[in-house]
Novice: 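Please see the structure below; I have some questions.
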Amino acid sequence: MAASQLRIAMLSVHSCPVGNLGAKDTGGMSVYVREIARELGKQGLLVDIYTRVHDPKDEQILELGQNARLIHLRAGEDEDMHKLAVYCYLPHFACNLESFRKHKDLQYDLVFTHYWLSGWVGNSLQRWWNIPHVTMFHTLGAVKNAIGIGEDEPELRIETERHLARNCHHTIATTEKEKEALILHYGASPERISVIPCGVNLALFQPMDKQMAKRQLGFGDDKIILFVGRIEPLKGIDQLLRAMTYLQNSQGLRLVIIGGDKHSQYEMERLQKLSRELHIGGSVTFRGLIKHEELPYFYSAADVCVIPSYYESFGLVALESMACGTPVVATNVGDLKSIIHQGETGYVVMDNAPHHLAEKIALLLSKPSPDMKSVLSIRESVTGFSWSNIAQAIIKECRLVLTNYFVQVH
Ligand code: UDP
């Protein structure tokens, strides 16, 4: 089958791929869905992403790029809904999707779902349409519960994920760790899981002059430690705040925390209170949500970007920072151990204990400002993660899944 003929129904039910990144439920997965859809479209596939209406002003059909569209469907009366509440409206979503498809006379070759809520809908579509279903979990409820930080994931999610792992035709995991967890916790078959990493938009995330970026953002000559992400306990931001107390001797040091919306207010207030208690309030800036397009300034202005997480399914922020030439200090989450070259492009620490984070941050801050050659070599280390490379790997996998499906059916 030629790539140009492949028609994909992509599902991201609870989280809108063009929503506000850094909000409570909108992060790496939304970036993934948006970028991969655009890239698959560019490479000749036809991609329709289906998501729930999140805002009454949403247009029903939005062109995302060549051959790629975003389609909003109603499910439930309330636009603003906790993601668990969305579960009750999944049959409604599935029926609306089927009516839309019939009304527009659309046919798909494959359904590609993201997150367990979409996977639930995908399980129905694979039967209704007699086509293969490929899924990506992005995070796993069982792994989150095993870590035990933040909200407990309900049994409903664990059971739905287990059913999905066993009943979809193929799973794409973004790391070997995720593949192992799917086998361990959900009894998934290893031969039906492939590992394909996430990508980074290399055209957007480009290095710029550090001093110029600092001035532009009003940071003067301060040394900048940067955190970017959703504001939630699993991200370990409290450990990073505690790490700052080990670094306080250095003058002109600033921790900039990016991310968070009204739904993250409780966690944000907890972190602000902690920074006051630690007497570092004056050296910490909470910048709230920053548009993806503006982030290259922050990554470039930063002297080090820190990922102090207890859990990341992948850790896109590391790729973005490195694409801008800024080193990363991260815990051993996602696949960061193989992405970060120890001592060259940053450090992976064994856990997010404040002194472990502080030691490596201090080491990087003690070095003279990197010259363009070292900035470019950090960037060079992640150029293999272009979305076009990732999309090629996804297309290859989808074709294999389709071939196997037809062999089994006929
Ligand atoms: N992000 C953003 N603006 C913000 C906060 C985060 O654009 O204010 C983006 C960030 O650039 C990254 C994504 O949200 O692309 C977070 O992805 P990551 O894989 O690091 O974390 P996840 O959300 O999957 O836990």
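Just the heavy atoms: all of them, side chains too, but no hydrogens, waters or symmetry mates, feed the values below. This one's a predicted model, so the numbers in the text were calculated from it and none came from an experiment. Here, residue 1 is the first one in the sequence, and each next residue gets the next number. For ligands, and for the atoms within them, numbers begin at 1 and follow the listed sequence.
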Novice: Is it true that R287 lies under 4.0 Å from ligand 1, counting heavy atoms only?
Specialist: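 No heavy atom of R287 comes that close to ligand 1.
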Novice: Please indicate whether any nitrogen or oxygen in H292 is less than 3.5 Å from any nitrogen or oxygen in ligand 1.
Specialist: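 There is such a contact, yes.
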Novice: Which atoms form the tightest heavy-atom contact between K210 and T326, and what is the distance?
Specialist: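 Where K210 meets T326 most closely, the heavy atoms are NZ-OG1, 3.6 Å.
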Novice: Would you give the length of the straight line joining atom OH of Y299 to atom CD1 of I224, rounded to the nearest 0.5 angstrom?
Specialist: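 Answer rounded to 0.5 Å: 15.0 Å.
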Novice: Return yes when atom NZ of K42 has more than 12 non-hydrogen atoms of other residues, nucleotides or ligands closer than 6.0 Å, and no otherwise.
Specialist: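 No, because the 6.0 Å sphere around NZ of K42 holds 12 heavy atoms or fewer from other groups.
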Novice: Taking R127 for its side chain and N123 for its backbone only, find out whether a donor-acceptor pair lies under 3.5 Å.
Specialist: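 Flag set: sc R127 to bb N123 pair under 3.5 Å.
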Novice: So which bit of V228 gets within less than 4.0 Å of ligand 1, heavy atoms only: side chain, backbone, both or neither?
Specialist: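 Side chain only.
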Novice: Above 12 or not: heavy atoms from other molecules or residues under 6.0 Å from CD of E155?
Specialist: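 Enclosed.
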Novice: Which atoms of ligand 1 sit under 4.0 Å from any heavy atom of E312?
Specialist: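 So the answer, numbered in order with elements, is 21 (O), 25 (O).
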Novice: Which of the atoms in ligand 1, numbered in the order shown and given with their element, are less than 4.0 Å from a heavy-atom of I258?
Specialist: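 Within the 4.0 Å cut-off of I258, ligand 1 contributes 4 (C), 8 (O).
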Novice: Measuring from E312:CD to D335:CG, what's the distance to the nearest 0.5 Å?
Specialist: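 Answer rounded to 0.5 Å: 12.5 Å.
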Novice: Just to be sure I read this right, does ligand 1 sit under 4.0 Å from the backbone of R230, its side chain, both, or neither, counting only heavy atoms?
Specialist: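 Within the 4.0 Å criterion, R230 contacts ligand 1 through side-chain atoms alone.
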Novice: Closer than 4.0 Å to some heavy atom of G259 - which atoms of ligand 1 meet that?
Specialist: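 So the answer, numbered in order with elements, is 8 (O).
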Novice: Identify, by atom number and element, the atoms of ligand 1 in contact range of V31, meaning under 4.0 Å from any of its heavy atoms.
Specialist: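 Within the 4.0 Å cut-off of V31, ligand 1 contributes 15 (O).
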Novice: Above 12 or not: heavy atoms from other molecules or residues under 6.0 Å from OH of Y297?
Specialist: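 Atom OH in Y297 is not crowded, with 12 or fewer foreign heavy atoms closer than 6.0 Å.
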Novice: When you look for heavy atoms under 4.0 Å from ligand 1, do you find them on the side chain of V317, its backbone, both, or neither?
Specialist: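 Both parts.
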Novice: Record the part of T26 in heavy-atom contact with ligand 1 below 4.0 Å; permitted values are side chain, backbone, both and neither.
Specialist: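 Neither part.
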Novice: I want to check something: taking the side chain as every heavy atom from C-beta on, are L11 and Y115 in contact at a cut-off of under 4.5 Å?
Specialist: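 No, their side chains stay 4.5 Å or more apart.
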Novice: Quick one: does G229 get an N or O within less than 3.5 Å of an N or O on ligand 1?
Specialist: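 Such a contact does not occur with ligand 1.
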Novice: I need the minimum non-hydrogen distance between S313 and T175, along with the two atoms involved.
Specialist: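 Looking at all heavy atoms of both residues, the shortest contact is O-CG2, 3.5 Å.
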Novice: Can you name the atoms of ligand 1, numbered from 1 with element, that are less than 4.0 Å from a heavy atom of E320?
Specialist: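 By the 4.0 Å cutoff, the relevant atoms are 10 (C), 11 (O), 12 (C), 15 (O).
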Novice: Considering L316, V333, L289, V200 one by one, which has a heavy atom nearer to atom 18 (P) of ligand 1 than any of the others?
Specialist: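 Selected option, by shortest heavy-atom distance: L316.
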Novice: Give a yes or no on this: more than 12 heavy atoms of other residues, nucleotides or ligands lie within 6.0 Å of atom OH of Y89.
Specialist: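 Atom OH in Y89 is not packed in, count stays at 12 or less.
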Novice: With heavy atoms under 4.0 Å as the rule, classify the contact between K235 and ligand 1 as side chain, backbone, both or neither.
Specialist: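 The side chain, only.
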Novice: Of all heavy-atom pairs between C198 and Y32, which one has the smallest distance, and what is that distance?
Specialist: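 Shortest heavy-atom separation between C198 and Y32 comes out as SG-CD1, 3.8 Å.
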Novice: Below 4.0 angstrom from a heavy atom of L295, which ligand 1 atoms are there? Numbered from 1 as shown, please.
Specialist: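 Within the 4.0 Å cut-off of L295, ligand 1 contributes 2 (C), 3 (N), 7 (O), 11 (O).
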Novice: May I ask you to list the atoms of ligand 1 that are less than 4.0 angstrom from any heavy atom of I290?
Specialist: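 Those qualifying, in numeric order: 2 (C), 3 (N), 4 (C), 7 (O), 8 (O).
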Novice: For M29, is at least one N or O under 3.5 Å away from an N or O on ligand 1?
Specialist: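 No, M29 has no N/O under 3.5 Å of an N/O on ligand 1.
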